[in-house]
Amino acid sequence: MKISTDVLVVGGGVSGTMAAIAAARRGVKVSLIERGGCLGGMWTAGLVGITLDSAYKEGLLREFLEAVHSEMNCGSATIFETQKYILEKMCIDSGVEVYLYSQPCDLKKEGKEIKEVSVISKSGRFDFITKIVIDCTGDGDVAAMAGCKFDYGRASDGKAQPMSMIALIGGLDHKAEPYISYPNQPFWEARNRFKEVLDSVGASYSIGCPSVQPLCSDVYILSANQEYGKSGCNVTELTEATINARKEIYEMVRALKEKAADKFSNIVLIGTPECIGVRESRRIHGRYTVTLEDMIAGREHKDAVCKVRYWVDIHSLEDDGGKGFTNEGIKTQPYDIPFRALLPVDADNLVLAGRCISGDFYAHASYRVIGNMAPVGEAAGQMSAKSILENKPVYELKYEK
């Protein structure tokens, strides 16, 4: 079956939902496909919930956060369920055609232009005839199918940051208080105490600074896992990492309950995410590449789509005993992501959004968080709609703040 649309957004995560909403609100036909059963990506399916580097951000991200805050005041759902509800409502109210349980499997390209994207779903195969494609897969899957060149990992050795899986736990009472990392308390004290408990019960943890952090009501985030040396673009390695992460988390909670009953007698594992968190994969070659030099200089651009204020957050690239994170002593200034970094050099009607945009290893370690990827997605959607409405190639359009 063939479906005609103006803008096809591939991936319903943070950047994808914002791209779809932004484009649809400009009055063009938008189809959004998502391989899972909900929108939001790491916000929701990944159980992250929080939005790093969201300060000073306006537009759709601010609208979303205010809507979530308003709903959370009713106290009727966890933050993840609230986020799912709000994202679905924003998409449907904006006229986005949403296709869950669907993912790209092939495409047709003429020269540097994508003509069709084939999607496999529970209903079989669909062929989307589209004017513009926005790749919001995180891993740059569509760009890779289209033959776009990309970089992967650190330039010196190709190593990439590890994946991570967090978990939700409950049943913590006053006995566990000293081991909970509250945001208004010193960063390391509770983490070090929790690490000592894990060591005392012989629990394995693959991150250097395991922690328990409050989320909402009586629900807490357990952060203790990292999966080293595995690629999010390799199905075998991705599967292995996911299964191993869940095993580590499950056995850790069981060890705390059985062997540290004086502190965690009532602990319960509420849930692990649908998908493991992939920090780093393909970085597609764009018409501009955000670099370490841009960050140090605090470089600004006329076509800036986002101001990044997050630090260079590099998690250990291998299980070397430290298993921590570092900024390698790099001091940065707030810097811009220009719209040109969303435009791949090898495909004319493809726009990038999410962590697959064009940047070097160090820039990616900074801009990849949710608070930056949301406005990147919004800009991708706005400019895709503008391209259609003005009947001009998206790479010829002038983007201004």
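Under the rule for a salt bridge (Lys or Arg N to Asp or Glu O under 4.0 Å), Arg254 has no partner lying at least two apart in sequence or in another chain. Applying the salt bridge (Lys or Arg N to Asp or Glu O under 4.0 Å) criterion to Arg62, with sequence neighbours excluded, gives no partner residue.
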### Task
Kindly determine whether Glu196 and Arg193 satisfy salt bridge (Lys or Arg N to Asp or Glu O under 4.0 Å), including the steps that lead there.
CA-CA 5 Å; Glu196 290 173 0; Arg193 286 192 290 265; over 6 Å; no
### Message
Pair Arg279, Asp313 - check salt bridge (Lys or Arg N to Asp or Glu O under 4.0 Å), show working.
### Response
CA-CA 10 Å; Arg279 280 192 180 83; Asp313 181 13; 5.6 Å; no
### Task
Could you please spell out the steps behind the salt bridge (Lys or Arg N to Asp or Glu O under 4.0 Å) verdict for Lys307 and Glu300?
CA-CA 9 Å; Lys307 178 77 72 177; Glu300 297 183 336; 3.2 Å; yes
### Message
Using salt bridge (Lys or Arg N to Asp or Glu O under 4.0 Å), reason through Lys84 and Glu88 one step at a time and then give a plain yes or no.
### Response
CA-CA 6 Å; Lys84 291 175 189 175; Glu88 289 171 2; over 6 Å; no
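A salt bridge links Lys2 to Asp127: at least one charged side-chain nitrogen sits closer than 4.0 Å to a carboxylate oxygen. A salt bridge links Arg287 with Asp348: the closest approach of a Lys/Arg side-chain nitrogen to an acidic carboxylate oxygen falls below 4.0 angstrom.
His301 pairs with exactly one of Tyr288, Tyr335, Phe339 by the ring-ring contact (aromatic ring centres under 6.0 Å, His included) rule, that one being Tyr288.
Taking 4.5 Å as the limit, some side-chain heavy atom of Pro273 sits within range of a side-chain heavy atom of Met165. Under the 4.5 Å side-chain criterion, counting only non-hydrogen atoms from C-beta, Ile79 is not in contact with Trp43. Contact check for Ser200 versus Lys259: no side-chain heavy atoms found under the 4.5 Å cut-off. Looking only at side-chain heavy atoms (C-beta outward), Met252 and Leu198 come within less than 4.5 Å of each other. You'll find the side chain of Ile33 reaches within 4.5 Å of the side chain of Leu8, heavy atoms only. Side-chain contact check for Arg125 versus Ser118: some heavy-atom pair is nearer than 4.5 Å. Side-chain contact check for Gln213 versus Leu215: every heavy-atom pair is 4.5 Å or farther apart. The shortest distance between side-chain heavy atoms of Arg25 and Leu60 falls below 4.5 Å.
Annotation: the span from Ser223 atom OG to Ile207 atom CD1 amounts to 4.0 Å, rounded to 0.5 Å. Here the straight-line distance linking atom OG of Ser206 with atom CG of Asn225 works out to 4.0 Å at 0.5 Å rounding. The structure places CE of Met90 at 8.0 Å from OG1 of Thr17, a figure rounded to the nearest 0.5 Å. How far CG of Asp135 is from OG of Ser15: 8.5 Å, rounded to the nearest 0.5 Å.
Looking at Arg355, its side chain does come within 3.5 Å of a backbone N or O of Val278 through a donor-acceptor pair. With hydrogens and angles disregarded, a donor-acceptor distance shorter than 3.5 Å links the side chain of Asp173 to the backbone of Lys175. Of the possible polar contacts, none joining the Asp336 side chain to the Pro338 backbone as a donor-acceptor pair under 3.5 Å is found. Proximity of a side-chain donor or acceptor of Asp294 to a complementary backbone N or O of Arg299 within less than 3.5 Å is not detected.
Using cut-offs of 30° and 60° for the angle between ring planes, the Trp188 and Phe325 rings count as parallel. Using a 30° and 60° split on the angle between ring planes, His364 and Tyr367 fall in the perpendicular class, above 60°.
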N/O donor to acceptor pairs below 3.5 angstrom from side-chain atoms of residues 149-163, sequence neighbours left out:
{"residue": "Asp151", "atom": "OD1", "partner": "His285", "partner atom": "NE2", "Å": "3.1"}
{"residue": "Asp151", "atom": "OD2", "partner": "His285", "partner atom": "NE2", "Å": "3.3"}
{"residue": "Arg154", "atom": "NE", "partner": "Ser156", "partner atom": "OG", "Å": "3.4"}
{"residue": "Arg154", "atom": "NE", "partner": "Asp157", "partner atom": "OD1", "Å": "3.2"}
{"residue": "Arg154", "atom": "NE", "partner": "Asp157", "partner atom": "OD2", "Å": "3.4"}
{"residue": "Arg154", "atom": "NH2", "partner": "Asp157", "partner atom": "OD2", "Å": "2.5"}
{"residue": "Asp157", "atom": "OD1", "partner": "Lys159", "partner atom": "N", "Å": "3.0"}
{"residue": "Lys159", "atom": "NZ", "partner": "Glu318", "partner atom": "OE1", "Å": "3.0"}
{"residue": "Lys159", "atom": "NZ", "partner": "Glu318", "partner atom": "OE2", "Å": "3.3"}
{"residue": "Gln161", "atom": "OE1", "partner": "His315", "partner atom": "N", "Å": "2.8"}

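Annotation for Asn391: atom CG does not count as buried by contact number, only 12 or fewer foreign heavy atoms lying within 6.0 Å.
Proximity of the aromatic rings of Phe194 and Tyr205 is defined here by a centroid distance below 6.0 angstrom, and this criterion is not met.
Cation-pi geometry between Arg191 and Phe187 is satisfied (NZ or CZ under 6.0 Å from the ring centre, within 45° of the ring normal).
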